[in-house]
Amino acid sequence: MLRVAVCVSGGGTNLQAILDKIRDGAVTNTEIAVVVSNNPGAYALERARAAHVPAVCVSPKEHASREEFNTALVDTLEQYRVDLVVLAGFLVVIPPVMVERYRNRIINIHPSLIPSFCGTGNYGLKVHENALARGVKVTGATVHFVDEGTDTGPIILQKAVAVEDGDTPEILQRRVMEQAEWEILPEAIDLIANGRIQVKDGRVIRQKG
Ligand code: GRF
């Protein structure tokens with residue numbers, strides 16, 4: 001059974017998608033051991049509590065330094081014996097010590113088709129604002145392993161979403177979440193939980209089921 005920590009900062013719709021797919025049996029061999037947020041007010045923590053999943057806040061504001069916060073974050077993951085860390089809208093820079101400790105065991109959902117519209121400054125609604133400003137006709141979402149860079153780790157899954165005339169950033173963001181994020185993040189967890197993902201020479205190889 002894969003023990004998963006889901007790290008969140010906001011509304012938690014990706015967390016909810018994971019919870020629902022585990023409940024419905026679409027994601028197997030997986031249990032959410034803990035939901036961790038840097039934001040005590042994150043509605044995602046309410047979603048965890050409603051699903052009777054441990055919900056923990058590790059806030060930078062409660063620690064004297066960034067280093068102490070980083071240590072507290074890793075200690076929490078170890079306390080819950082986590083195998084896989086899922087970043088679902090976690091607005092915290094992952095410290096190198098954590099990337100090393102969980103090499104190829106931290107995954108992130110990004111709301112574009114990496115390498116488009118990613119990297120510093122491309123997060124949340126800004127990603128969709130930039131996609132619309134560029135005039136792309138197709139966007140989407142990417143699940144990737146987290147390495148020392150920003151949105152630079154090996155890509156696991158991607159799903160394309162059409163940009164439609166009249167889209168606002170908010171409309172596009174919702175479509176990307178509904179049609180892509182909420183599908184490929186749970187699917188990536190299921191693939192990892194069932195031993196179907198391997199990283200070789202910096203690229204992901206998907207084993208046949
Ligand atoms: C999603 O749009 C995701 O792509 C981005 O952060 C947002 C998280 O939303 N990384 P939610 O908290 O899962 O609703």
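Only heavy atoms go into these numbers, but all of them, side chains included; no hydrogens, no water, no symmetry mates. Since this is a predicted model, take the numbers as computed values, not measurements. We count ligands from 1, going down the list as the structure has it; atoms in each ligand are counted the same way.
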Starting from atom 9 (O) of ligand 1, what is the nearest protein heavy atom, named by residue and atom, and what distance separates them? Met177 CE, 3.6 Å
Compute the minimum heavy-atom distance from Ile109 to ligand 1 and say whether it is under 4.0 Å. yes
Passing option when Asp167 is tested against Arg175, Gln173, Arg174 for side-chain hydrogen bond (donor to acceptor under 3.5 Å, both in side chains): Arg175
Member of Ile109, Thr13, Val161 meeting the side chain to side chain contact (heavy atoms under 4.5 Å, CB included) criterion with Glu181: Ile109
Nearest neighbour in protein (non-hydrogen) for atom 4 (O) of ligand 1: Glu181 OE1, 2.9 Å
Applying side chain to side chain contact (heavy atoms under 4.5 Å, CB included) between Ser112 and each of Val127, Asn122, Asn130, report the one that passes. Val127
Could you pull out, from Ala17, Gly12, Gly89, the option with a heavy atom nearest to atom 5 (C) of ligand 1? Gly89
Are any of the N/O atoms in Thr13 less than 3.5 Å from those in ligand 1? yes
Run the numbers for me: atoms of ligand 1, each under 4.0 Å from some heavy atom of Pro111, listed by number. 4 (O)
I would like to know whether Val82 and Val34 meet side chain to side chain contact (heavy atoms under 4.5 Å, CB included); could you show each step before the answer? CA-CA 8 Å; Val82 167; Val34 62; 4.2 Å; yes
Starting from Phe117, can I reach Ile114 by hopping between I/L/V/M/F/W/Y residues whose side chains sit under 4.5 Å apart? no
